[in-house]
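Worth knowing before you read on, the calculation uses all heavy atoms, side chains too, and leaves out hydrogens, waters and symmetry mates.
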Amino acid sequence: MYDLRHITEDQLDALKEAGNIGAGNASTALSTLLRRDIDMQVPAVRICHFNELIDSTGGAEQPVAAIYLRIQGDAPGNMFFLLEPGDAEMFVHYITGSESFAWSNTSYDDINLSALHEMGNILAGSYLSAISDFADVNMQPSVPQISVDMGGAILANGLIEIAQESDYTVVIDTVISLLNPNQEQQMIEGKFLLLLDPDAFGQLFRSLGVDEHD
């Protein structure tokens, strides 16, 4: 197992390149789904303490809407797409063409949640497919889950596996922005997080040619 605090700059650069390829592929897929321009960037790949990660998403008590899933295969981990609840509602409006959906409305129908599931499937599938091809590793997403809860509670589920080995994680941070027709204003902004299990890094770094033992 890698000591995550000692990952080299070359290894972080390789992870950022993989993240950029995944983000580009996911951006194209999401733009096709929404029929709107999408900007998706990887501003940072960083090693951070669990508390720092939670703070970077707005704090443990910040309500968020999350689409999250487990990654299985050669490089297991967890993936999260975090949005403010109001932004998640706007995504549903754009996908379905209906503005009736609201988290506060307990009578919303399953079609709206299915739209979010489909968006999660497309985002995760296209993102992981690109990384899998780039790194030549098998990464398969589970069925996405959807939740609205405090940010700390949601992220804690994704940190259970990592917490058995370390208090630190490597975050591939991706910002997704939905632009207006003139591409001048961000209408929605979401945070896409890829958190790999500690045991995933050995296989991934060997495949990327940046294993520290080479």
Side-chain angles (χ1 to χ4, degrees), residues 19 22-44 53-71 77-129 141-159 171-195:
N25 210 41
S27 177
T28 300
L30 188 60
S31 181
T32 301
L33 173 68
L34 298 177
R35 299 183 296 279
R36 291 175 180 273
D37 291 321
I38 298 290
D39 182 46
M40 190 176 294
Q41 299 179 352
V42 180
L53 170 64
I54 292 172
D55 288 344
S56 73
T57 63
E61 297 184 358
Q62 175 68 36
V64 296
I67 302 170
Y68 58 97
L69 55 88
R70 179 73 182 160
I71 302 167
N78 295 285
M79 179 175 285
F80 294 86
F81 183 37
L82 304 176
L83 296 154
E84 292 185 4
D87 284 347
E89 292 174 357
M90 290 183 67
F91 260 122
V92 172
H93 298 167
Y94 285 127
I95 295 171
T96 65
S98 170
E99 297 187 359
S100 62
F101 176 76
W103 293 113
S104 59
N105 182 1
T106 56
S107 64
Y108 54 74
D109 57 50
D110 291 340
I111 293 176
N112 296 301
L113 292 182
S114 295
L116 281 178
H117 268 123
E118 181 62 16
M119 187 176 74
N121 274 323
I122 290 173
L123 274 174
S126 55
Y127 192 100
L128 293 179
S129 175
S142 68
V143 176
Q145 305 294 312
I146 298 173
S147 179
V148 176
D149 203 339
M150 302 299 177
I154 288 176
L155 286 173
N157 289 328
L159 297 173
V171 180
I172 300 178
D173 195 355
T174 303
V175 176
I176 298 175
S177 302
L178 181 65
L179 305 178
N180 70 7
N182 296 323
Q183 299 189 22
E184 295 172 345
Q185 182 179 359
Q186 296 178 357
M187 302 172 67
I188 300 176
E189 185 171 297
K191 183 178 283 289
F192 200 62
L193 300 177
L194 179 61
L195 308 177

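For the atom pair T32 OG1 and I122 CD1, the distance stands at 8.5 Å (nearest 0.5 Å). Taking CG of L83 as the start and CD of E89 as the end, the distance is 11.0 Å to the nearest 0.5 Å. Remark: L33 CG to I38 CD1 distance equals 9.0 Å, nearest 0.5 Å. To the nearest 0.5 Å, the span separating CG on L30 from CE on M119 amounts to 6.5 Å. Between the CD1 atom of I71 and the CE atom of M79 there is a distance of 4.5 Å, given to the nearest 0.5 Å. Between atom CZ of residue R35 and atom OH of residue Y94 there is a gap of 12.5 Å, rounded to the nearest 0.5 Å.
By the side chain to side chain donor-acceptor pair (under 3.5 Å) test, S56 pairs with R46, sequence neighbours left out. In this structure, the side chain to side chain contact (heavy atoms under 4.5 Å, CB included) partners of A23, at least two apart in sequence or on a different chain, are M40, V42, Y127, T174. Taking I146 as the reference, I67, W103, L116, H117 meet the side chain to side chain contact (heavy atoms under 4.5 Å, CB included) condition, with sequence neighbours excluded. Partners of L195 by side chain to side chain contact (heavy atoms under 4.5 Å, CB included), not counting sequence neighbours, listed by chain and number: L53, F80, L159, I162, T169, V171. In terms of the side chain to side chain donor-acceptor pair (under 3.5 Å) criterion, residue partners of S98 (sequence neighbours excluded) are, by chain and number, S100. Take N121 and apply the side chain to side chain contact (heavy atoms under 4.5 Å, CB included) test, not counting sequence neighbours, and it matches E118, P144.
Listed by first and then second residue, the side chain to side chain donor-acceptor pair (under 3.5 Å) pairs that reach into residues 143-152 come to none, sequence neighbours excluded.
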Inset, instruction - Output, in order, the C-alpha distance, side-chain angles, deciding distance and verdict of side chain to side chain contact (heavy atoms under 4.5 Å, CB included) for F81 and L123. - result: CA-CA 9 Å; F81 183 37; L123 274 174; 3.6 Å; yes
Inset, instruction - Start with the C-alpha distance between L155 and L193, add both sets of side-chain angles, then the distance that settles side chain to side chain contact (heavy atoms under 4.5 Å, CB included), and finish with yes or no. - result: CA-CA 10 Å; L155 286 173; L193 300 177; 4.0 Å; yes
Inset, instruction - Evaluate the criterion side chain to side chain contact (heavy atoms under 4.5 Å, CB included) for residue pair L34 and F91; output intermediate values, then yes/no. - result: CA-CA 9 Å; L34 298 177; F91 260 122; 3.4 Å; yes
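Closest of all the heavy-atom pairs between P85 and V148 is CG-CG1, 4.3 Å. Scanning both residues, N25 and S126, for their nearest heavy atoms gives ND2-O, 2.9 Å. In plain terms, the two heavy atoms of Q62 and G58 that are nearest each other are CB-O, 3.4 Å. Across M150 and E61, no two heavy atoms sit closer than the pair SD-O, 2.9 Å.
Although no hydrogens or angles enter the test, the distance criterion places a donor-acceptor pair under 3.5 Å between the side chain of S142 and the main chain of R70.
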